[in-house]
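One-based numbering along the sequence shown.
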Amino acid sequence: MDKILVFIPMYNCEKQIPRVLAQLKGEVSQYISEVIVVNNRSTDNSVQAAEDYAKNNLDIPVTIMTNSDNYWLGGSHKVAFHYAIDNGFDYVITLHGDDQGRIDDFIPLLKSGEYRDYDCCLGSRFVKGSKLIGYSKIRIWGNHCFNLLFTLAAGKSIKDLGSGLNLYKVETLKSEYFEKFPDALYFNAVMVLAHRCYKHKIWFYPITWREDDQVSNMKFMNLSTNMIKMCFKYFFRRKKYIESEMRDKIVDEYISDTVFTNK
C-alpha cells in the first residue's frame, strides 16, 4: 500500500474540527498512514478540540502542529508538503478543517488505485457527479466565471480553483515549485495554474461540498482583484510568472511546532 498523509489545515474551527476528524474513522482509515493537523494561530479553542477528539476517538497516528507565525492557508500547505517530502510519503490528501468536504468521496479513488495514474486528483464542486449543499447561487456563478477565465488563461480546461479536498503525488512536490507561491487564501488557484504549466496529469474529481456553520475568511473584492491579476500575468508570461516570487512576506523556513501526537 502507498504511504498516504492526510493534511488538515485549521484556523478557528473549534466547532467543526471534531466532525472533520470523525470522517477519518471507518473504511477510509485503512488507506491513511498518518494525519497532521496544521493550526495557523487559531484564536479559539480549535487545538484543544482537535486534541480531545484525537486522543479519545482515533487509533491512526495523529499529530497536531501550530505554526510559529501566521503563514495563512498557503503557508500551512507548505508546512504539510515539506512534512510529506521529509517523511517519505507517497501521497498527501488535503482536507480543510472547516468541514465543507467529505474525505469519503475519495474512497472509490483509493480503493481502485486510479489515483496512481495522476499527479493530482483535485476535488471539483462543478463537474458531473458533484453535489453542492447550501451554496449560494451567486457564489456558484462567481466560481464558474473564474473557472472560465482561468481556462482561457491556461489554454486547458479548469473545473475548480480551490476546493478543500485534493490529493497530490509527493514525487511532483519534491522540486518545491510551490515555495514562492503566495501564502494567501488563493494559494490553491496558483497551484492549479502550475499544474497546467508543468503539464501535470490532473483529474478534476467530483465531490460533495456543503456550507452550514462555516465562517469564510475571504474578502471578496480583494480576492477577485488578485485572481484577475494572476490570470493576466500567467497568460502573458506563463513559466516566468509561475517561477517568480509571489509572496508579500519572504519566509526562509516554514516552521510548525508539535503540540500533540499519539504516535
Side-chain angles (χ1 to χ4, degrees), residues 8-20 22-23 40 42 44 46 72-74 76-77 93-109 120-168 181-196 202-235:
I8 302 174
M10 179 174 71
Y11 176 72
N12 287 354
C13 300
E14 179 183 354
K15 293 180 180 179
Q16 297 86 11
I17 195 62
R19 302 200 305 258
V20 175
Q23 293 187 38
N40 189 49
S42 293
D44 64 1
S46 293
W72 293 80
L73 181 63
S76 291
H77 275 74
I93 295 174
T94 65
L95 174 66
H96 281 197
D98 58 4
D99 195 36
Q100 289 184 285
R102 301 188 319 172
I103 198 170
D104 279 359
D105 288 339
F106 275 2
I107 287 178
L109 264 182
C120 52
C121 299
L122 305 180
S124 176
R125 299 160 289 183
F126 311 105
V127 295
K128 184 178 180 180
S130 63
K131 295 179 182 178
L132 289 171
I133 301 170
Y135 214 60
S136 68
K137 290 183 178 179
I138 191 168
R139 292 190 70 178
I140 294 172
W141 179 83
N143 274 278
H144 280 300
C145 287
F146 275 114
N147 289 344
L148 177 59
L149 181 62
F150 274 68
T151 293
L152 294 172
K156 289 189 177 181
S157 177
I158 290 176
K159 300 297 185 183
D160 204 314
L161 289 166
S163 86
L165 181 61
N166 300 303
L167 181 148
Y168 301 96
F181 290 178
D183 293 330
L185 296 176
Y186 47 87
F187 171 83
N188 279 338
V190 185
M191 284 288 288
V192 174
L193 290 178
H195 296 320
R196 287 306 190 197
I202 308 173
W203 186 357
F204 286 102
Y205 189 83
I207 60 172
T208 299
W209 196 256
R210 69 177 183 277
E211 285 196 356
D212 37 51
D213 61 353
Q214 293 84 5
V215 178
S216 175
N217 297 300
M218 291 186 179
K219 295 180 180 179
F220 180 75
M221 289 305 298
N222 181 59
L223 175 69
S224 299
T225 301
N226 280 298
M227 297 273 274
I228 292 169
K229 287 180 180 178
M230 186 193 310
C231 261
F232 279 99
K233 289 178 180 178
Y234 182 84
F235 181 79

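- Taken from OG in Ser136 to CD in Glu211, the straight-line distance is 7.0 Å, to the nearest 0.5 Å.
- Atom CD1 in Ile103 sits 4.5 Å away from atom CD1 in Ile93 (nearest 0.5 Å).
- Annotation: side chain of Arg196 is in contact with side chain of Ile202 (closest heavy-atom distance under 4.5 Å).
- What you find for Pro9 and Ser76 is that their closest heavy atoms are CB-CB, 4.5 Å.
- Taking 4.5 Å as the limit, some side-chain heavy atom of Ile140 sits within range of a side-chain heavy atom of Tyr135.
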Please test Phe150 against Tyr234 for ring-ring contact (aromatic ring centres under 6.0 Å, His included), starting from the C-alpha separation and ending with a verdict. CA-CA 9 Å; Phe150 274 68; Tyr234 182 84; 8.2 Å; no
I'd like to know whether Ile207 forms a side chain to side chain contact (heavy atoms under 4.5 Å, CB included) with Arg125, so could you lay out the CA-CA distance, the side-chain angles of the two residues, the decisive distance to 0.1 Å, and finally the verdict. CA-CA 6 Å; Ile207 60 172; Arg125 299 160 289 183; 4.2 Å; yes
Take Tyr168 and Leu122, measure what side chain to side chain contact (heavy atoms under 4.5 Å, CB included) needs, and give me the verdict at the end. CA-CA 8 Å; Tyr168 301 96; Leu122 305 180; 4.0 Å; yes
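- Interatomic distance, OH of Tyr186 versus CG of Leu223, reported as 8.0 Å (0.5 Å rounding).
- Between the Arg210 side chain and the Asp99 main chain, a donor and an acceptor come within less than 3.5 Å of each other.
- Annotation: side chain of Phe126 is not in contact with side chain of Phe204 (no heavy-atom distance under 4.5 Å).
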Show the numbers, then the answer: is there a side chain to side chain contact (heavy atoms under 4.5 Å, CB included) between Ile158 and Phe146? CA-CA 9 Å; Ile158 290 176; Phe146 275 114; over 6 Å; no
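- Dense packing is recorded around CD1 of Ile133, with more than 12 heavy atoms of other residues, nucleotides or ligands lying under 6.0 Å away.
- In terms of heavy-atom proximity, Gly129 sits nearest to Pro206 at C-CB, 3.6 Å.
- Going from atom CG of Asn226 over to atom SG of Cys231 covers 11.5 Å, rounded to the nearest 0.5 Å.
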Please step through side chain to side chain donor-acceptor pair (under 3.5 Å) for the pair Asn143 and Asn147, ending with a clear verdict. CA-CA 6 Å; Asn143 274 278; Asn147 289 344; 5.6 Å; no
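- Shortest non-hydrogen contact noted between Gln23 and Asp104 is O-OD1, 4.1 Å.
- Rounding to the nearest 0.5 Å gives a distance of 8.0 Å between SG of Cys120 and CG of Asn166.
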Would you check, one step at a time, whether the test side chain to side chain contact (heavy atoms under 4.5 Å, CB included) holds for Phe181 with His77? CA-CA 11 Å; Phe181 290 178; His77 275 74; over 6 Å; no
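- Shown here for Ile17 and Met10, the closest heavy-atom pair between the two residues is CG1-SD, 3.6 Å.
- Here the closest non-hydrogen pair linking Thr208 and Asp105 is N-OD2, 2.8 Å.
- Atom CD1 of Ile8 and atom CD of Gln16 lie 12.5 Å apart (nearest 0.5 Å).
- Side-chain contact check for Asp44 versus Lys15: every heavy-atom pair is 4.5 Å or farther apart.
- One N or O on the side chain of Ser124 and one on the backbone of Lys159 form a donor-acceptor pair closer than 3.5 Å.
- Asn12 places no side-chain N or O within donor-acceptor distance of the main-chain N or O of Ser42, the cut-off being under 3.5 Å.
- Remark: side-chain polar atoms of Ser46 are paired, donor with acceptor, to backbone N or O of Cys13 under 3.5 angstrom.
- Counting non-hydrogen atoms of other residues, nucleotides and ligands closer than 6.0 Å to CZ of Phe235 gives a total of 12 or fewer.
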